[in-house]
Protein chains: 4
Amino acid sequence: MQVNSVETLFKKTLANSKLSAKQQAVLQVSLTLFAEQGFDRTSTSEIAKAAGVSEGTVFKQFKTKEGILQAIVNPVLAHVVPMVATEFLDELKTNDLNDLETFLQYAIQDRMMFAVENRLQIKVFAQEMSRNPNIVATLSAKLEAMVAGELGTALQRFKDRGELVDWPNMRIVRYLVGTVASYVLPQIFFAPTADFDAAQASRDALDFLMHGLAPAK
Amino acid sequence: MQVNSVETLFKKTLANSKLSAKQQAVLQVSLTLFAEQGFDRTSTSEIAKAAGVSEGTVFKQFKTKEGILQAIVNPVLAHVVPMVATEFLDELKTNDLNDLETFLQYAIQDRMMFAVENRLQIKVFAQEMSRNPNIVATLSAKLEAMVAGELGTALQRFKDRGELVDWPNMRIVRYLVGTVASYVLPQIFFAPTADFDAAQASRDALDFLMHGLAPAK
Amino acid sequence: MQVNSVETLFKKTLANSKLSAKQQAVLQVSLTLFAEQGFDRTSTSEIAKAAGVSEGTVFKQFKTKEGILQAIVNPVLAHVVPMVATEFLDELKTNDLNDLETFLQYAIQDRMMFAVENRLQIKVFAQEMSRNPNIVATLSAKLEAMVAGELGTALQRFKDRGELVDWPNMRIVRYLVGTVASYVLPQIFFAPTADFDAAQASRDALDFLMHGLAPAK
Amino acid sequence: MQVNSVETLFKKTLANSKLSAKQQAVLQVSLTLFAEQGFDRTSTSEIAKAAGVSEGTVFKQFKTKEGILQAIVNPVLAHVVPMVATEFLDELKTNDLNDLETFLQYAIQDRMMFAVENRLQIKVFAQEMSRNPNIVATLSAKLEAMVAGELGTALQRFKDRGELVDWPNMRIVRYLVGTVASYVLPQIFFAPTADFDAAQASRDALDFLMHGLAPAK
DNA sequence: TATGAATGAGCATTCATTCAT
DNA sequence: CATGAATGAATGCTCATTCAT
């Protein structure tokens with residue numbers, strides 16, 4: 001199993017933008033620094049130095065420090081998030097996941113690895129979401145589109161087959177996400193313990209969810 | 001159902017300390033300001049003004065801005081958290097919660113209300129936890145003590161009666177917390193939607209958990 | 001009565017220069033912006049944007065921001081000021097101003113209207129004069145040439161006829177200018193009051209000057 | 001003849017304020033620097049260095065650079081200007097100036113010396129007036145009060161005795177000020193020529209004004 | 001000739017912290 | 001214990017100017 005690297009996808013997105021190499025560097029190092037130290041604890045001179053550009057260059061393009069964050073957040077929302085979502089859905093389709101258990105096993109492990117792999121980037125976004133409701137709204141809309149679309153179709157098929165409880169899809173997704181998050185959020189936000197066993201965690205989560213989401217008898 | 005106010009408990013704890021009234025005021029307004037705007041975006045002069053003290057007073061006792069945070073976090077960890085835990089466990093005992101469903105119903109609703117009620121304070125702590133591993137360790141230890149103690153006893157009783165799946169207590173608690181968190185974390189960190197229906201959320205969560213944590217047949 | 005527009009004359013002067021259209025645009029918008037906000041409060045990027053040229057273009061020709069000012073001031077001193085002076089003197093000759101009163105009446109009203117009409121441009125020059133002694137020297141020289149030339153001849157004729165006090169011409173001009181300035185300077189530098197009545201002001205000023213400059217009995 | 005020093009009066013005013021010695025120093029050197037180089041060309045670090053204080057001190061009290069200017073302008077308008085006006089009027093009364101000529105001679109020479117003496121301070125105020133209409137309004141009101149009060153009374157007495165033309169007092173004052181200004185404004189704003197002969201200028205101005213303001217026969 | 005990305009010194013301002021009173 | 005004036009390093013940002021294309 002091979003999960004996307006948000007950092008890589010972000011770089012690709014930047015490469016397609018009309019930003020100069022130096023300005024791309026600013027955004028790349030900003031993402032890293034914001035992830036490592038937080039937005040408020042990263043100074044613009046630090047960014048300039050790390051990107052190998054002058055302080056003037058940073059502001060010439062992005063106007064304000066907040067503007068740098070926007071210049072990261074917007075393309076991620078517009079391009080990286082959809083790419084990640086599409087690849088995830090594609091993998092679900094490609095991998096011949098016929099019964100719910102196989103489906104969930106794959107999905108859970110995949111997202112768990114994705115979360116761990118992209119810890120720092122998720123942290124930046126989560127922190128920014130707590131101040132910027134627009135991001136929350138955008139991501140919510142994208143999630144709802146997914147649930148109303150392909151993901152919903154898949155869930156419905158499992159319901160029809162009597163493998164999945166007949167709850168609204170958003171409620172089912174809430175428990176899926178919540179359960180996965182109960183494993184990965186501590187890794188992301190608190191001590192990232194070296195001994196985190198994603199495979200075991202996936203099995204455990206699957207076990208729990210297969211019970212919790214089984215159809216009522 | 002009547003949940004603790006962390007703010008109130010914190011004030012009581014301060015009242016028992018040997019801090020002067022002015023210094024108590026500093027800590028109280030700091031907690032509020034940190035919650036509202038974040039630690040980094042709150043200046044010490046802002047604290048001084050809001051507390052009605054001079055700028056010197058803020059530092060006389062607490063040495064540094066970080067020291068103010070510690071002077072909040074430490075008593076909360078040392079006194080407020082135990083009081084909250086004790087009251088929670090006491091309520092669980094007092095309320096004649098004999099079967100698992102009744103027990104979980106109460107516990108879930110109680111903690112959900114607690115979380116919503118103390119949103120801002122939880123936010124301060126969560127943010128501080130993401131940079132201070134000590135707090136994580138301390139809270140982890142307290143949680144483990146709970147699970148090893150009274151809470152574990154209660155869970156064991158349900159297991160013995162065949163009402164609860166025979167998983168390690170920490171795993172069970174993880175799913176309990178994760179499921180409740182899937183409802184309250186968005187309220188705490190992102191848009192606190194006015195129409196959040198804690199009662200309905202509690203029923204839904206209970207429903208899910210009762211299935212997920214049912215013993216294997 | 002129809003007074004010169006410094007702005008128009010300046011444009012004509014530019015049109016005769018070997019400057020490209022873009023560079024002419026730079027000087028034109030610079031004059032306007034300097035007048036509106038002052039030299040120090042006008043940035044070169046602001047000029048570039050307003051002129052519709054790149055930032056590089058601004059400096060390609062004029063080297064420094066101060067150079068832009070010089071490129072405005074010099075042609076104005078070299079061409080616009082002489083044109084204004086010549087036209088003024090020509091009008092004085094053309095209009096059959098035989099006696100002092102008619103002469104002064106015309107001159108005062110004409111210059112008052114000129115000052116009000118070209119308020120902003122005068123302001124730029126006045127501000128620049130207070131830091132650049134060269135302009136003062138140049139303008140002084142031009143004034144002296146006028147007084148030594150045609151204007152002096154006219155004044156002398158009035159003296160010879162016994163209509164004008166026998167003071168040095170520069171002294172007479174000082175009072176003429178000072179009296180007109182006592183009306184127009186407040187308009188130029190402070191609140192430009194909408195209700196300024198140039199005709200009435202001219203009559204009053206004339207009245208006063210006819211007394212003050214009458215020959216001793 | 002001994003004219004007020006605005007600088008001295010300003011210092012006295014500051015001494016009566018509740019500003020600390022360092023903050024008074026900030027205002028004093030600011031007044032000087034603003035006069036010498038203009039507001040925009042004076043940096044706050046320059047002010048701090050010249051005042052012998054840290055940059056923080058400058059802003060602790062005055063919040064913004066504009067705030068420094070206000071902290072100079074306001075006390076001058078509130079205290080220095082009235083003191084200057086009062087002293088001027090007192091001197092006019094004390095000096096037994098019975099006929100118009102003696103009166104004007106004294107007044108003209110006194111104000112001319114005052115203007116030359118306080119060149120730099122007048123420059124600061126004039127520059128600030130061209131951006132801040134409030135100052136213009138305040139000074140206008142004070143001038144009108146003077147003209148409606150003691151100064152008006154004096155002028156009326158000369159009118160009654162047939163020594164002074166029967167024009168509105170404001171008009172008479174306009175010519176007085178304008179004529180004096182025609183001598184001193186060039187000194188203040190342009191090259192302050194070393195050879196300026198205030199005594200001679202006063203005599204000339206008096207001569208002109210005595211003619212211009214003589215009553216109609 | 002014109003462009004516009006890049007520069008880096010400089011600016012106004014903020015901030016946590018100190019210390020004499 | 002409390003004050004608040006004073007500090008000076010650091011911050012986000014602007015600006016005139018340069019230079020490769």
Side-chain angles (χ1 to χ4, degrees), chain A residues 18-23 26 40-49 51-68, chain B residues 18-23 26 40-49 51-68, chain C residues 18-23 26 40-49 51-68, chain D residues 18-23 26 40-49 51-68:
Chain A
K18 53 188 188 307
L19 291 174
S20 71
K22 300 217 169 193
Q23 284 153 358
V26 167
D40 288 322
R41 300 191 168 197
T42 304
S43 75
T44 52
S45 78
E46 210 174 351
I47 291 171
K49 192 175 294 177
V53 304
S54 73
E55 289 209 45
T57 300
V58 172
F59 285 93
K60 190 75 174 194
Q61 188 67 27
F62 304 113
K63 307 304 182 206
T64 66
K65 188 183 170 188
E66 185 67 31
I68 301 173
Chain B
K18 55 188 188 306
L19 292 174
S20 71
K22 299 215 169 195
Q23 284 158 354
V26 167
D40 288 323
R41 300 189 171 198
T42 303
S43 74
T44 52
S45 76
E46 210 174 351
I47 292 171
K49 190 179 295 178
V53 305
S54 73
E55 297 199 41
T57 299
V58 172
F59 284 89
K60 188 72 181 187
Q61 186 66 29
F62 306 114
K63 307 305 183 205
T64 67
K65 188 184 170 188
E66 186 67 31
I68 300 172
Chain C
K18 55 186 188 308
L19 291 174
S20 72
K22 299 215 169 194
Q23 284 157 356
V26 167
D40 289 321
R41 300 191 170 198
T42 303
S43 74
T44 52
S45 75
E46 210 175 352
I47 292 170
K49 188 178 294 177
V53 304
S54 72
E55 296 199 42
T57 299
V58 172
F59 285 88
K60 189 71 180 187
Q61 186 68 26
F62 306 113
K63 307 304 183 207
T64 67
K65 188 183 172 189
E66 187 67 30
I68 300 172
Chain D
K18 54 188 187 308
L19 291 174
S20 71
K22 299 218 170 194
Q23 285 155 357
V26 167
D40 289 322
R41 302 193 166 194
T42 303
S43 75
T44 52
S45 77
E46 211 173 351
I47 292 170
K49 192 175 296 177
V53 305
S54 73
E55 290 210 42
T57 299
V58 172
F59 285 92
K60 191 74 174 195
Q61 187 67 27
F62 305 113
K63 308 303 182 207
T64 66
K65 188 183 170 190
E66 185 68 30
I68 301 172

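In what follows, chains are A, B, ... by sequence order, proteins preceding strands, each numbered from 1. This structure is a prediction, so every number in the text was calculated from the model and none was measured.
Between B:Gln23 and D:Ser54, the residue whose closest nucleotide on DNA chain F is further toward the 5' end is B:Gln23.
Two residues are said to be in side-chain contact when any heavy atoms from C-beta on lie closer than 4.5 Å; A:Val26 and A:Gln61 fail this criterion.
Within the nucleic acid shown, B:Lys65 comes within 4.0 Å of sugar-phosphate atoms alone, with no base atom in reach, counting heavy atoms only. Note on B:Ser43: only backbone sugar-phosphate atoms sit closer than 4.0 angstrom, heavy atoms only; bases stay farther off. Counting any heavy atom pair closer than 4.0 Å across all strands shown, D:Val58 reaches no nucleic acid atom.
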Legend entry - Nucleotide-level pairing of DNA chain F, given in dot-bracket where Watson-Crick and G-U pairs need both distances under 3.5 Å and | marks other strands: .||||||||||||||||||||

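In terms of phosphate contacts, B:Lys22 brings a side-chain nitrogen or oxygen within less than 4.0 Å of OP1 or OP2 of F:dT3. Between B:Ser20 and F:dA2 there is a side-chain N or O to OP1 or OP2 distance below 4.0 Å.
One atom, NZ of D:Lys63, and another, C1' of E:dT14, lie 11 Å apart when rounded to the nearest Å. Look at CG on A:Asp40: it is 15 Å from C1' on F:dA10, rounded to the nearest Å.
Under the side chain to side chain contact (heavy atoms under 4.5 Å, CB included) criterion, B:Glu46 pairs with B:Gln37, B:Thr42, B:Ser43, not counting sequence neighbours. Remark: A:Glu55 pairs with no residue by the salt bridge (Lys or Arg N to Asp or Glu O under 4.0 Å) rule, at least two apart or across chains.
Residue side chain B:Gln61 does not reach the base of F:dC1 through any donor-acceptor N/O pair under 3.5 Å, judged by distance alone.
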